Amino acid sequence: MVPLNYYLVLSAIIFAIGVTGVIIRRNIIVILMSIELMLNAVNLTFIAFSRSLGSMDGQVIVFFVMTVAAAEAVVGLAIIISVFRHRQTLDPREMQLLKW
Amino acid sequence: MILFLILAGLSIVFSLLVVFQRNVIYSAMALVATLFLIAVLFLTLEAAMVGILQILVYAGAIMVLFLFVIMLLNPGLLEGRSIAWWILGSLAAVLLLFVLVPFLSDSGRLLPGQAPAGGSFGSPESLAQSLFTDFVLPFEIASVLLLVAIVGAVVLAKREV
């Protein structure tokens with residue numbers, strides 16, 4: 001049986017990779033994908049604790065995280081499409097003005 | 001144990017590919033692979049229903065949406081790299097790991113061991129049981145959130161409001 005710590009450390013590594021992606025990438029779609037990666041790392045933590053404590057609550061919370069992630073991806077991609085129409089770019093450093 | 005090590009190594013490799021791959025489409029495909037591997041990890045943790053939902057919702061619906069937007073916008077060119085941000089980002093990740101890993105690899109002492117899972121643990125029945133009794137208000141709020149997201153996406157993506 002794999003100890004709980006292994007899952008937690010794996011989850012921390014994936015989360016850190018997601019943080020790196022948010023910092024170093026210049027494509028806003030990839031930044032959104034890195035956020036999905038971080039959400040998944042947290043989900044893995046929830047599932048590991050749910051298994052370790054023998055409680056279903058963690059799995060229910062993962063269900064809600066998935067719902068919120070779906071809503072976030074939909075709205076985020078809609079915003080990206082409408083910004084791209086105005087600016088013809090996906091570089092977040094060029095999105096500095098609120099209205100243009 | 002061997003299964004876990006294989007899955008963990010592969011998911012770390014694919015999530016590194018998501019971040020360090022310069023082509024957006026390849027990043028998205030690596031993310032699909034990562035999500036599948038995490039779904040298999042859910043299955044090894046006796047969370048069958050959540051694992052299936054992970055494949056359906058994440059690897060299916062959300063990633064199709066991402067690929068659809070990538071192909072619609074067609075960014076084309078590879079993005080440039082800035083070495084300063086690259087160093088800063090890697091440094092931030094390494095610092096985060098230095099904070100998290102010693103704590104997490106130690107925390108097993110505070111917790112009870114692996115609970116013996118019953119036959120129905122993680123099944124759709126037990127998930128629904130929990131969802132419709134203890135968490136029924138958050139469930140309804142989540143449905144309202146999805147409605148708001150649908151309306152918001154339609155309004156945002158429309159050409160002229």
Side-chain angles (χ1 to χ4, degrees), chain A residues 1-10 12-27 29-30 32-34 36-37 40 43-44 47-48 50-54 56-57 59-60 62-64 66-75 77-82 84-85 90-91, chain B residues 1 4 8 11-12 15-16 18-19 24 27-28 31 34-35 38 41-42 45-47 50 53 57-58 61-62 65-66 69-70 73 75 79-80 85-86 88-90 92-93 96-97 100-101 104-105 107-108 111-112 114-115 117 122 126-127 130-131 135 138 142 145-146 149 152-153 156-157:
Chain A
M1 200 64 228
V2 187
L4 175 64
N5 299 342
Y6 286 42
Y7 286 100
L8 298 184
V9 170
L10 172 65
I13 291 171
I14 295 178
F15 190 89
I17 293 171
V19 172
T20 317
V22 171
I23 295 176
I24 72 174
R25 290 306 294 256
R26 290 191 201 164
N27 187 325
I29 295 178
V30 183
L32 213 55
M33 290 200 283
S34 302
E36 299 289 334
L37 204 60
N40 261 281
N43 279 354
L44 184 60
I47 296 284
S50 155
R51 172 72 177 77
S52 166
L53 300 172
M56 283 300 291
D57 291 2
Q59 300 194 11
V60 176
V62 168
F63 179 81
F64 289 127
M66 278 182 193
T67 314
V68 175
E72 170 245 320
V74 167
V75 176
L77 289 171
I79 291 173
I80 289 172
I81 287 179
S82 85
F84 188 81
R85 257 188 215 135
L90 289 174
D91 192 339
Chain B
M1 189 67 191
F4 172 79
S11 55
I12 289 173
S15 44
L16 283 173
V18 173
V19 171
V24 188
S27 284
L31 184 57
T34 314
L35 296 177
I38 291 179
L41 278 172
F42 286 174
L45 284 166
E46 307 197 19
V50 178
L53 281 179
V57 175
Y58 259 116
I62 296 183
L65 195 65
F66 269 101
V69 169
I70 290 170
L73 300 185
E79 60 182 276
W85 280 108
W86 211 90
L88 191 69
S90 308
L96 190 64
L97 283 181
L100 283 177
V101 167
L104 290 179
S105 55
S107 63
L111 291 160
Q114 299 275 346
S126 53
L127 188 72
S130 205
L131 198 59
F135 290 92
L145 175 73
L146 285 177
L156 282 171

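Each chain gets a letter, A, B and so on, in the order its sequence line appears, and its residues count up from 1. Not measured: the values here are computed from a predicted model. Scope of the values below: all heavy atoms of this structure, side chains included, with no hydrogens, waters or symmetry mates.
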If one checks every heavy atom of Asn43(A) against chain B at 4.5 Å, the contacting part turns out to be both
Name the region of Thr34(B), side chain, backbone, both or neither, that has any atom closer than 4.5 Å to a heavy atom of chain A.
-> side chain
Go through the atoms of Phe66(B) and report whether side chain, backbone, both or neither lie under 4.5 Å from a heavy atom of chain A.
-> both
Report the distance from atom CG of Leu41(B) to atom CG of Leu10(A), rounding to the nearest 0.5 Å.
-> 6.0 Å
Given the options Leu35(B), Leu127(B), Val18(B), which has more heavy-atom pairs under 4.5 Å with chain A than any of the others?
-> Leu127(B)
What heavy-atom pair brings Val74(A) and Ala149(B) nearest, and what distance separates the two atoms?
-> CG1-O, 4.1 Å
Which one, Val62(A), Leu44(A), Val68(A), leads in non-hydrogen pairs under 4.5 Å with chain B?
-> Leu44(A)
Centroid-centroid under 6.0 Å between Phe135(B) and Phe63(A) rings | no
Point-to-point distance, once rounded to the nearest 0.5 Å, from CG of Leu8(A) to CG of Leu100(B) | 10.0 Å
Pick from Ile47(A), Ile23(A), Asp91(A), Ile79(A): which one has the most heavy-atom pairs with chain B under 4.5 Å?
-> Ile47(A)
In terms of heavy-atom pairs under 4.5 Å with chain B, the winner among Ile81(A), Val22(A), Leu32(A) is Leu32(A)
Which atoms form the tightest heavy-atom contact between Arg51(A) and Glu46(B), and what is the distance?
-> NH2-OE2, 3.4 Å
Greatest number of non-hydrogen atom pairs under 4.5 angstrom with chain B, of Ser34(A), Gly18(A), Ser50(A), falls to Ser50(A)
Please identify each residue that fulfils side-chain hydrogen bond (donor to acceptor under 3.5 Å, both in side chains) with Asp57(A), with sequence neighbours left out.
-> none
Against chain B, work out which of Ala73(A), Ala12(A), Ser82(A) has the most heavy-atom pairs shorter than 4.5 Å and name it.
-> Ala12(A)
Pick one of side chain, backbone, both or neither for Val60(A), based on which atoms fall under 4.5 Å of a heavy atom in chain B.
-> both
Gap between atom CD of Glu72(A) and atom CG of Leu145(B) - 0.5 Å precision | 10.5 Å
Shortest non-hydrogen contact from Val24(B) to Met33(A)?
-> O-CE, 4.1 Å
Value rounded to 0.5 Å, distance of CH2 in Trp85(B) from CZ in Arg25(A) | 15.0 Å
Over all atoms of both residues, closest heavy-atom pair of Ala78(A) and Leu156(B) = CB-CB, 3.8 Å
When rounded to the nearest 0.5 angstrom, what is the spacing between CG in Leu97(B) and CZ in Phe15(A)?
-> 10.5 Å
Can you name the nearest heavy-atom pair linking Ala70(A) to Ile62(B), along with the distance?
-> CA-CD1, 3.7 Å
Heavy-atom distance under 4.5 Å to chain A: side chain of Leu65(B), backbone, both or neither?
-> both
So which part of Leu96(B) gets closer than 4.5 Å to some heavy atom of chain A, the side chain, the backbone, both or neither?
-> side chain
When rounded to the nearest 0.5 angstrom, what distance separates CE in Met66(A) from CG in Leu53(B)?
-> 5.5 Å
Would you mind telling me which of Val101(B), Leu88(B), Leu131(B) has the largest number of heavy-atom pairs within less than 4.5 Å of chain A?
-> Leu131(B)
Decide if atom CZ of Phe64(A) counts as having more than 12 heavy atoms of other residues, nucleotides or ligands within a radius under 6.0 Å.
-> yes
Determine the option with the most heavy-atom pairs under 4.5 angstrom with chain A, choosing from Ala61(B), Ser90(B), Ser11(B), Ser126(B).
-> Ser126(B)
Contacting region of Ala92(B) [heavy-atom separation from chain A under 4.5 Å] = side chain
Could you tell me which portion of Ile12(B) (side chain, backbone, both or neither) has an atom closer than 4.5 angstrom to a non-hydrogen atom of chain A?
-> both
